[in-house]
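Below is one structure, written out as structure tokens; comments come after it.
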There are 2 protein chains.
Amino acid sequence: MRIGELARRSGVSVRALRYYEEQSLLDADRTPGGQRDYPDGAVDRVQLIQQLYAAGLSSRTIVELLPCVSTGTATQSMFDRLLTERDRIGVRMDELAQAKAKLDRVIEQVLAAGLTRDGATGSAPVGS
Amino acid sequence: MRIGELARRSGVSVRALRYYEEQSLLDADRTPGGQRDYPDGAVDRVQLIQQLYAAGLSSRTIVELLPCVSTGTATQSMFDRLLTERDRIGVRMDELAQAKAKLDRVIEQVLAAGLTRDGATGSAPVGS
DNA sequence: CTTGCACCTGACGCCGACGTGAGGTTTTAG
DNA sequence: CTAAAACCTCACGTCGGCGTCAGGTGCAAG
């Protein structure tokens with residue numbers, strides 16, 4: 001599979017795929033003409049990379065963790081990284097939960113108080 | 001309260017506080033000499049700002065939402081923003097949950113398979 | 001053969017939330 | 001009064017994950 005198809009199938013840009021390779025997150029064979037040739041499994045790998053990015057991991061961290069994600073084995077230091085990053089994600093989730101709770105409460109308040117007319121500064125709800 | 005104390009009490013840098021002011025997230029009185037003078041409530045406000053940043057909101061978004069967070073009222077468009085951002089946080093939480101689940105599974109696998117010796121490439125666990 | 005699309009390698013641009021000086025002023029302690 | 005700590009305003013630097021343009025090459029169709 002060439003890079004354009006991989007991009008379409010995995011939902012990321014061609015530029016991003018080249019960037020992943022630059023970061024040693026992804027590698028490809030080359031055709032005699034120098035074009036990248038990916039195996040089918042690349043789609044899953046790219047989606048895994050995306051998922052870890054979405055979790056807030058950096059390229060550096062991902063490149064250290066990918067081997068044990070694919071093999072299921074790890075050295076001691078890799079294992080420590082795994083635990084650290086898992087915990088970091090947990091902390092992030094708690095932060096998000098708190099922020100969401102705060103917005104939820106604000107939304108409740110606004111629903112209870114009613115909406116303010118655009119441009120108005122007063123506190124009178126816009127009744128029916 | 002001057003900026004240094006606010007920084008210590010709210011746990012952010014002096015530079016960050018000036019940046020918040022630049023973004024219209026925070027305002028301060030000035031002493032005759034031109035130094036910033038914050039009321040006590042500023043500590044809470046800064047922590048709120050931090051929390052919203054942590055939730056992935058941008059300065060622009062926060063500056064639009066802060067009024068209704070403090071007043072409990074909103075215009076229609078502000079209310080829409082509230083809902084949008086709350087949902088966005090929900091989506092982020094789901095992404096994080098998925099990534100965390102994946103790491104949890106990897107950790108389980110590694111625990112089951114045992115650790116690999118540093119530098120080793122084989123799949124044999126390091127048994128006792 | 002030629003057209004034309006997909007691909008290639010640099011290499012600079014971007015954005016947001018600050019960090020980090022430089023160079024000067026205000027406030028406070030003694 | 002003086003020294004030093006804290007403060008002030010520019011204004012440039014950083015970092016990561018790409019976007020984007022420039023200028024050239026590979027490959028399949030007619």
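Because only heavy atoms are used, hydrogens play no part in the values below, and waters and symmetry mates are left out as well, while side chains stay in. Source: prediction; values computed, not measured. A, B, ... follow the sequence lines: proteins, then strands. Residue 1 opens every chain.
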| field | Nearest-Å distance for atom pair CD1/C1', residues B:Ile3 and C:dC18 | value | 13 Å

| Could you give the CZ-to-P distance, from B:Arg18 to C:dG16, as a whole number of Å? | 22 Å

| What parts of residues 34-42 of chain A reach DNA chain C, counting only heavy atoms under 4.0 Å away? | A:Gly34, A:Gln35, A:Arg36

| For atom CG of B:Asp27, is the number of surrounding heavy atoms from other residues, nucleotides or ligands below 6.0 Å larger than 12? | no

| Shortest non-hydrogen contact from B:Arg92 to A:Ala54? | NH1-O, 2.6 Å

| remark: Of all heavy-atom pairs linking A:Ala99 and B:Ala55, the shortest is CB-CB, 3.4 Å

| task | Round to a whole Å and report the spacing from CZ of B:Arg60 to P of C:dC15. | result | 13 Å

| remark: Heavy-atom nearest pair, B:Leu25 first then B:Ser59, reads CD2-O, 3.9 Å

| task | State, to 0.1 Å, how close B:Thr75 and A:Leu115 come at their nearest heavy-atom pair, and which atoms those are. | result | O-CD2, 4.2 Å

| query | Taking atom types as they are modelled, is there a donor-acceptor pair under 3.5 Å from the base of C:dT27 to the side chain of B:Arg2? | reply | no

| said: With a strict under 4.0 Å distance from non-hydrogen atoms of chain B, what nucleotide opens and what nucleotide closes the contacted stretch of DNA chain D, reading 5' to 3'? | reply: D:dC7 to D:dA11

| task | Sorted by first residue and then second, give each ring pair (Phe, Tyr, Trp, His ring centres under 6.0 Å) pair with at least one member in residues 54-99 of chain B; sequence neighbours left out. | result | none

| Who pairs with B:Arg88 by side chain to side chain contact (heavy atoms under 4.5 Å, CB included), at least two apart in sequence or on another chain? | B:Thr84, B:Glu85

| query | Can you tell me if B:Asp37 uses its side chain to pair, donor with acceptor, with the backbone of B:Arg30 under 3.5 Å? | reply | no

| message | Can you tell me if A:Asp104 has over 12 outside heavy atoms packed within less than 6.0 Å of its CG? | response | yes

| query | How bent is the helix from C:dC1-D:dG30 to C:dG30-D:dC1, comparing axes over its five end pairs at each side, to the nearest 10°? | reply | 10°

| Given atom CG of A:Leu17 and atom C1' of C:dT9, what is their separation to the nearest angstrom? | 16 Å

| Rounded to whole angstroms, how far apart are CG on B:Leu57 and P on C:dA17? | 10 Å

For residues 5-16 of chain B, dump all side-chain donor-acceptor pairs below 3.5 Å to protein atoms at least two apart in sequence or in another chain.
| from | atom 1 | to | atom 2 | distance (Å) |
| --- | --- | --- | --- | --- |
| B:Ser10 | OG | B:Leu6 | O | 2.5 |
| B:Ser13 | OG | B:Ala16 | N | 3.0 |

| query | Side-chain N or O of B:Tyr20 less than 4.0 angstrom from OP1 or OP2 on C:dA17? | reply | no

| task | May I ask you to verify if any side-chain N or O of B:Ser59 is less than 4.0 angstrom from the OP1 or OP2 atom of C:dA17? | result | yes

| Base, sugar-phosphate, or nothing: which does A:Arg30 touch, judged by heavy atoms less than 4.0 Å apart? | sugar-phosphate

| Short N-O contact, B:Arg60 and B:Glu64, less than 4.0 angstrom | yes

| task | Return the value, rounded to whole Å, for the distance between atom OH of B:Tyr19 and atom P of C:dG19. | result | 11 Å

